[in-house]
Structures are given as C-alpha cells and as structure tokens.
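To start, the structure under review is shown below, and the notes come after it.
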Amino acid sequence: MEPGNDTQISEFILLGFSEEPELQPLIFGLFLSMYLITVFGNLLIILTVSSDSHLHTPMYFFLSNLSFVDICFVSTTIPKMLWNIQTQSKVITYEGCITQIYFFLLSAVLDIFLLTVMAYDRFVAICHPLHYTIIMNPRICGLLVLVSWIMCILNSLLQSLMMSQLSFCTNVEIPHFFCDLSQMTQLACSDNFLNYMVIYFTTALLGSGALTGILYSYSKIISSIRRITSTPGKYKAFSTCASHLSVVSLFFSTSLGVYFSSAATQSSHSSATASVMYTVVTPMLNPFIYSLRNKDIKGALKRLFVMVSLKRKIILGLEKCPSLQGSVPQSQLL
C-alpha cells in the first residue's frame, strides 16, 4: 500500500443527486427544511430533558445524548451539500473529505451504540424493576455513554487513518452527496484490500454486536411482558419502550434497505438517494416519535411552553410598567 504522501489530488467532486440546474433550488429548499427541523426538534428534546426535573432519569439522559448525536450526524453532511448548491460548486478538499468521513462514522456508529444502551436500559427497567435504580445509577449511565464515545472515536480514527493511506489518481468524482467510506475506497488507485478487510471486520464486530444486544434485550422484554397477567399492566410495560422500539426499527430498517437496494440496483445515484433515509430522515423523525408517543415528554413540553409564555408576559409587563421592575426578583426572569 502506498503512503498517504503519494496522493496526487487535493480535492474531490461530489456529484450529489442531480446535475440538472432547475432541480437545484428544489433540492436546496427540501434539505434546508429537513436540516432545520432536525436541529430544532432535537435541540427541543435536549432543552426539555435538561429543564424538567421529572425527566432526570437514565432513559432521558440517553435520549438527550442521542438527540445531540443526531444533530452532529446531519451537520456532518447537509451544510456542505447546501453550500455546494448555493455556490454552484461541487468541490470538497481532500482534508475536508477525510474529516467528513471521520465525523460521519463517529455519529453513525454512536447512534447505534446509544440505541443499544437504551435497549439495555429498557431491559433492566422491565425485567428487573426492583433493582433498576441500583443497576442504572448515574455512574453506570455515564460510564456506558463514555465507553460508547471512546469505542466510536477509535473506530472512526482507524477508518480515517486507513483512508488517508490510499492514493487517488484521476477518478475524483464521488457519486454521492457526501464522502462515503466504501465509495472512496473504490476510487483509490492503490491497493485497498486491507481497507476492505478493516471495513468488513469493524462492521461485523460493532454492527452485529449492537444488533445482538438489542435483539436479546427485546426478546427478554417481550418474554417478561407476556408473563404479566393484567392487560393494563402489559400496556403500561410496553408503552415504556414503544418509542425506542419505533426508533430502532426505523434506523435499522432504513439502513438495511439502503444496503440491499444498493446491492440490487448497482446504481450509485440510487444508493445516494436511498441513504437519505437513515442519514437525514431518521434523525428528523426521532424527536417526533419521542414527543408524540411519550406522555412524559409531552407533559414536559407543555410545562416548558407554559413557563416560557409566562416569562414572556412578565417581561412585556415590566416593559410597559418600568416602575415595577425593582419589585420582581431577577431570578424569576431567568
């Protein structure tokens, strides 16, 4: 394998979805809307969890981490694509491409790890409710998130360093809207056998390990729910993990759908279009799933909006009556 200093190019061309000029404003508006909805929705989840003491539990601690990672996930690819459309340029530098690969892998794999940790949290809550507070204490929760971050950082660093060792000659066009690891490896003109081995090994190890953990957790959860005799009890137990199960199903079904559709069509543009499902649509839908299917989140959102509206009325009242400003403590305005 040739060293990374032999790379003969300094930039790549991201072909995106379409080269037709009349479609660019539509694509720009669509993805800008999805990006803003994703960022605002996930920020709202983080703000709601952090501001409501009723949600200071392990499940919502993991959910706020997932929302943060989803923001990073879409911010890795969409802003660059929007910038390219706005400037009518499809260029991304070599360094920018390696950086994008690093943060994309970090966010994608961390999403999977957090979903696995959340499945384990639901398993403990339903199958071992009497020991839940002991097992899922703040130290363990923080440790689970920290280990997930460390493993994902190491994986992303390994893949990025392996990619930086490849040489690229003349074919610098990437038929995607971001620097995809597998397609970048295909474009290399140096030996990429070791890169493919590392990709397959890490995917099999991390992906299958996470999926096995999720399937095991839910198999135990379903078995435990079936042993509950009362119908209201079964409904209450299932409702505590319904939102997470919906997100897991959406993420893995779209990811596997992209993989199988790409293998069947062998079309790079079809693969780019299909990958939108798990890179953009899934992070966008996560806040809606948790807010619509979760009574705790809905209640916390209502309390948050009421508190914000009350503070706004107080501030407006003080602006109309400056003489009353000294009678209201500053802590009530913060």
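Keep in mind that the numbers below use all heavy atoms, side chains included, and drop hydrogens, waters and symmetry copies.
Nearest approach of Ser190 to Ser167, heavy atoms of both residues: OG-N, 3.0 Å. When all heavy atoms are compared, the tightest approach of Met163 to Phe168 is SD-CZ, 3.8 Å. Nearest heavy-atom pair, Met59 versus Met118, reported as atom, atom and distance to 0.1 Å: O-CE, 4.4 Å. Considering all non-hydrogen atoms of both residues, Ile112 and Ala210 come closest at CG2-CB, 3.4 Å. What you find for Leu44 and Thr48 is that their closest heavy atoms are O-OG1, 2.6 Å. When all heavy atoms are compared, the tightest approach of Asp180 to Ser182 is OD2-OG, 2.5 Å.
The neighbour count for Tyr196 OH, taken as heavy atoms of other residues, nucleotides or ligands under 6.0 Å away, is above 12. In the displayed structure, Gln88 atom CD is contacted under 6.0 Å by at most 12 heavy atoms of other residues, nucleotides or ligands. Few gaps surround NZ on Lys90; more than 12 heavy atoms of other groups in view lie less than 6.0 Å from it.
In the hydrophobic clustering of this structure, Met81 groups with Phe73; members are Ile, Leu, Val, Met, Phe, Trp, Tyr whose side-chain heavy atoms approach within less than 4.5 Å, directly or through other members. Hydrophobic clustering, with ILVMFWY side chains joined whenever heavy atoms are under 4.5 angstrom apart, groups Ile27 together with Leu30. There is a path of hydrophobic side-chain contacts, each under 4.5 Å, that joins Val281 to Val248. Grouping the Ile, Leu, Val, Met, Phe, Trp and Tyr side chains by contacts below 4.5 angstrom, directly or via other members, places Ile140 with Ile126. A single hydrophobic cluster is not seen to contain both Leu215 and Ile222; linkage of ILVMFWY side chains at heavy-atom distances under 4.5 Å, directly or through other members, places them apart.
No donor-acceptor pair under 3.5 Å is formed between the side chain of Asn192 and the backbone N or O of Ala188. Between the side chain of Thr202 and the main chain of Ile199, a donor-acceptor pair closer than 3.5 Å is present. Under the 3.5 Å distance criterion, the side-chain polar atoms of Asn42 are left unmatched by any main-chain donor or acceptor of Val39. Distance alone, capped at 3.5 Å, is enough to place a donor-acceptor pair between the Thr282 side chain and the Met277 backbone. One N or O on the side chain of Ser164 and one on the backbone of Leu161 form a donor-acceptor pair closer than 3.5 Å. Checked by atom type and distance alone, the side chain of Gln24 pairs as donor or acceptor with a backbone atom of Glu20 at under 3.5 Å. At distances below 3.5 Å, not a single donor-acceptor pair connects side-chain atoms of Ser223 with backbone N or O atoms of Ser219. At least one donor-acceptor pair closer than 3.5 Å links the side chain of His56 to the backbone N or O of Ser50. At distances below 3.5 Å, not a single donor-acceptor pair connects side-chain atoms of Thr203 with backbone N or O atoms of Tyr200. Proximity of a side-chain donor or acceptor of Ser253 to a complementary backbone N or O of Leu250 within less than 3.5 Å is detected.
Side-chain contact annotation: Tyr35 with Ser75, donor-acceptor N/O pair under 3.5 Å present. Using modelled atom types, one finds no donor on one side chain facing an acceptor on the other under 3.5 Å when comparing Tyr60 with Asp52. In summary, the side chains of Thr77 and Gln100 do not present any donor paired with an acceptor at a separation below 3.5 Å, with no hydrogens or angles considered.
Between Asn195 and Leu166, some side-chain heavy-atom pair lies under the 4.5 Å cut-off. Taking the side chain as every heavy atom from C-beta outward, Met184 and Phe12 approach each other to under 4.5 Å. No side-chain heavy atom of Val124 sits under 4.5 Å from any side-chain heavy atom of His131. Taking 4.5 Å as the limit, some side-chain heavy atom of Cys141 sits within range of a side-chain heavy atom of Met136. For the pair Ile46 and Ile71, the minimum side-chain heavy-atom distance is below 4.5 Å. Side-chain atoms of His176 and Ser275, non-hydrogen and from C-beta on, do get closer than 4.5 Å to each other. For the pair Phe113/Met151, a side-chain contact is recorded, criterion being any heavy-atom separation below 4.5 Å from C-beta on. In this structure, Ile45 and Ser64 have side chains that are not in contact, with every pair of non-hydrogen atoms separated by 4.5 Å or more.
Aromatic pair Tyr218/His244: ring centres closer than 6.0 Å. Aromatic pair Tyr278/Phe252: ring centres not closer than 6.0 Å. Taking the six-membered ring for Trp and the full ring otherwise, the centers of Phe31 and Phe17 sit less than 6.0 Å from each other.
Separating the OG atom in Ser107 from the OH atom in Tyr102 is a distance of 9.5 Å, to the nearest 0.5 Å. Residue Phe68 holds its CZ atom at 14.0 Å from CG of Leu63, rounded to the nearest 0.5 Å. To the nearest 0.5 Å, atoms CZ (Arg303) and OG (Ser51) are separated by 9.0 Å. Taken to the nearest 0.5 Å, the CG atom of Asp121 stands 12.0 Å off from the CG atom of Leu114. How far CE of Met284 is from CD1 of Ile78: 10.5 Å, rounded to the nearest 0.5 Å. A distance of 10.5 Å separates CE in Met162 from CE in Met197, rounded to the nearest 0.5 Å.
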Phe103 vs Ser156, test: side chain to side chain contact (heavy atoms under 4.5 Å, CB included). Steps then yes/no. CA-CA 7 Å; Phe103 284 105; Ser156 302; over 6 Å; no
Give the C-alpha distance, both sets of side-chain angles, the deciding distance and a yes or no for side chain to side chain contact (heavy atoms under 4.5 Å, CB included) between Leu14 and Asn84. CA-CA 9 Å; Leu14 294 173; Asn84 285 355; 4.0 Å; yes
Show your reasoning for whether side chain to side chain contact (heavy atoms under 4.5 Å, CB included) applies to Val172 and Leu187. CA-CA 7 Å; Val172 296; Leu187 293 176; over 6 Å; no
Any chance you could lay out the side chain to side chain contact (heavy atoms under 4.5 Å, CB included) test for Tyr120 and Thr116, step after step, and finish with the verdict? CA-CA 6 Å; Tyr120 174 71; Thr116 307; over 6 Å; no
Would Ser246 and Tyr290 count as a side-chain hydrogen bond (donor to acceptor under 3.5 Å, both in side chains) if you check the C-alpha gap in whole Å, the side-chain angles of each, and the deciding distance to 0.1 Å? CA-CA 9 Å; Ser246 301; Tyr290 276 102; over 6 Å; no
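Shown are Leu144, Val117, Val145, Leu55; of these, the side chain to side chain contact (heavy atoms under 4.5 Å, CB included) with Phe61 is made only by Val145.
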